[in-house]
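Beneath this line is the structure, given in structure tokens, with notes to follow.
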Amino acid sequence: MRPMMSPPLLSPSPCPLIRFLRLYPAPRRRNPTAAAPLPPYTFRRRPLPFLPAAMSSSASTTFPDSVVADPSALARKVAAIRAAGTAKLQVIADFDGTLTRYWYDGARGQSSHGLLRQGNEVYDAKRVALYEHYHPIEICPDIPLPEKAKLMEEWWEKTHGLLIEGGLTYEDIKKSVSDAAIAFRDGVVELFEYLEERDIPVLVFSAGLADIIEEVFRQKLHRSFKNIKVVSNRMVFNEEGRLVSFKGKTIHVLNKNEHALDMAAPVHDNLGDPNGSIDDYSLVKKRTNVLLLGDHIGDLGMSDGLIYENRIAVGFLNANIEKSLKDYSKAFDIVYLNDAPMRGVVELVSELCP
């Protein structure tokens, strides 16, 4: 793990970093240089820091917490989603590095998959060896996507086989989570509570293991939320609590999207029925406005399979800011920097769903 360092920021804008912001619906202009703005749409709470309106939409700069490259486009999306109402909105979120913090006590935090310890050093080492073989393939830009997808499925299935063969138990999961260097971002509970009060579903997508994610919810948040469903690989345990199989198809980094909704199950307090599933897919798919939260540009694919009308994509750029900010600001409507808390998203949601 690397020691925590504050990534270098680019030169800040000379204008105030945080100011009260008026969002204007995009006017129809006959003469772009002489159009009067329509009545303003105003954030009622502490505003999000946006790029100066005078800058071109392709420009970007940094603020202490966030960047928006195209305020006008975001304003249109906010107005449209707000007008459609809460019944049309759903939230799609990645788990590791998005809902959870990137840094933990001065070092890189663990992922939900990386924290798992089987209690068997031989099998832990075998899983590490698989990672060292397949991870370079995962990040290699030269391998065609169909070929890479097959290799990722191969990696995941081999790893799952080792977990079964190595005798993983649910007690191993509970102990692994208890010992793990993992924590939710500040503001996550507030966000979940706000969404739960308004019956807005949250789909948590992960290429990891649903049972571990649920255990992280239990141990780190000490509660569950009726509106949250985990779309991830789900384990099946026998009566002794020993892993015997996995349910359904394998979800890996290249197919974690709404095509995998048949894997979704609510975050629950008990192990539950491993053969259970949710019965409201059609209701979720009718929610055609999306707030998407992710920490990699590839997370934008989580909404694949959903025909949406409006999507606001929020990206968390946790490291390599100077190198990646330009690409992130093009891909996401809002980019939060430096392992930022979730409070900015809470502010955004409060404007989408007052």
Side-chain angles (χ1 to χ4, degrees), residues 90-102 104 108-116 127 131 134-135 138-139 149 152-153 155-157 159-160 163 168 170 173 176-177 180-185 188 191-192 195 201-221 224-225 227-236 243 246-268 271-272 274 277-278 284 290-306 313-316 318 342 345:
Q90 64 173 297
V91 176
I92 300 174
D94 173 57
F95 186 75
D96 293 306
T98 299
L99 297 179
T100 62
R101 289 161 47 190
Y102 187 82
Y104 183 95
R108 177 69 172 91
Q110 291 179 295
S111 68
S112 58
H113 215 300
L115 65 83
L116 181 61
R127 288 191 292 115
Y131 174 87
Y134 284 100
H135 181 62
E138 176 189 357
I139 63 177
M152 292 302 97
E153 184 170 356
W155 179 13
W156 258 248
E157 291 182 351
T159 298
H160 292 174
L163 293 176
L168 181 72
Y170 199 81
I173 292 177
S176 295
V177 172
I182 190 170
F184 286 94
R185 293 182 188 270
V188 163
L191 174 65
F192 288 163
L195 295 169
V202 179
L203 298 178
V204 178
F205 284 78
S206 175
L209 299 166
D211 305 83
I212 293 178
I213 292 172
E214 292 179 351
E215 191 61 33
V216 173
F217 270 89
R218 295 188 193 102
Q219 292 193 28
K220 306 303 180 182
L221 297 186
S224 60
F225 297 87
N227 61 321
I228 298 178
K229 304 184 192 317
V230 177
V231 183
S232 188
N233 298 290
R234 186 164 297 280
M235 300 172 169
V236 178
L243 176 64
F246 282 81
K247 178 181 179 290
K249 62 185 178 182
T250 301
I251 299 176
H252 52 75
V253 289
L254 296 181
N255 72 349
K256 60 170 191 176
N257 53 50
E258 294 220 7
H259 289 298
L261 270 177
D262 59 330
M263 294 290 293
V267 174
H268 45 65
L271 290 179
S277 61
I278 59 174
V284 170
V290 176
L291 175 61
L292 185 148
L293 312 177
D295 71 315
H296 292 288
I297 292 176
D299 288 335
L300 295 171
M302 292 188 299
S303 58
D304 291 352
L306 175 69
V314 176
F316 288 87
N318 299 309
M342 194 64 70
V345 178

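Throughout, residue positions are numbered sequentially from 1 according to the sequence presented. Because the structure is a prediction, the values reported are computed rather than measured.
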May I have the step-by-step check of side chain to side chain contact (heavy atoms under 4.5 Å, CB included) for L195 and F225, ending in yes or no? CA-CA 10 Å; L195 295 169; F225 297 87; over 6 Å; no

Ring-plane angle category for F184 and F192, please: parallel below 30°, perpendicular beyond 60°, tilted otherwise. perpendicular

Rounded to the nearest 0.5 Å, what separates atom CG in D94 from atom CG in L99? 7.0 Å

Could you walk me through whether V253 and W156 pass the side chain to side chain contact (heavy atoms under 4.5 Å, CB included) check? CA-CA 9 Å; V253 289; W156 258 248; 3.7 Å; yes

I need the F205 CZ to L292 CG distance, nearest 0.5 Å. 9.0 Å

R185 CZ to T100 OG1 distance, which is reported to the nearest 0.5 Å: 7.0 Å

Tell me, do N233 and H252 make a side-chain contact under 4.5 Å, heavy atoms counted? no

Note: S232 and S206 closest approach over all heavy atoms is OG-O, 3.1 Å

H160 and E157: side-chain hydrogen bond (donor to acceptor under 3.5 Å, both in side chains), yes or no, with the steps? CA-CA 5 Å; H160 292 174; E157 291 182 351; over 6 Å; no

If every non-hydrogen atom of K220 is compared with every non-hydrogen atom of V177, which pair is closest and at what distance? NZ-O, 3.5 Å

Kindly compute the distance separating OG (S176) from CG (L116), expressed to the nearest 0.5 Å. 5.0 Å

Between R234 and E214, is there a side-chain N and carboxylate O pair less than 4.0 Å apart? yes

Closest heavy-atom pair, A313 versus L300, reported as atoms and distance to 0.1 Å, is CB-CD2, 3.6 Å

I'd like to check K256 versus D299 (side-chain heavy atoms, cut-off strictly below 4.5 Å). Are they in contact? yes

CD1 of I228 to CD1 of I213: how many Å apart, nearest 0.5 Å? 11.5 Å

Minimum side-chain heavy-atom gap L191-V91 below 4.5 Å: no

Which atom names give the shortest non-hydrogen contact between N318 and G97, and what distance separates them? ND2-O, 3.1 Å

Could you walk me through whether T159 and H113 pass the side chain to side chain contact (heavy atoms under 4.5 Å, CB included) test, one step at a time? CA-CA 11 Å; T159 298; H113 215 300; 3.9 Å; yes

Separation between CE (M152) and NE2 (H135), nearest 0.5 Å, reads 9.5 Å

Taking the side chain as every heavy atom from C-beta outward, state whether Y131 and E138 have any pair of such atoms under 4.5 Å apart. no

Flag side-chain contact, heavy atom, 4.5 Å: R127 against L163: yes

Would you say the side chain of L209 lies within less than 4.5 Å of the side chain of F246, judging by non-hydrogen atoms? yes

Under 3.5 Å, is there a donor-acceptor pair between the side chain of N255 and the main chain of T250? yes

L306 vs Q90 side-chain heavy atoms within contact, under 4.5 Å: yes

In the structure I gave you, are the side-chain heavy atoms of I173 and M235 within less than 4.5 Å of one another anywhere? yes

If you look at every heavy atom in A180 and Y104, which pair is closest and at what distance? O-OH, 4.2 Å

Can you list the residues that meet the salt bridge (Lys or Arg N to Asp or Glu O under 4.0 Å) rule with D295, with sequence neighbours excluded? none

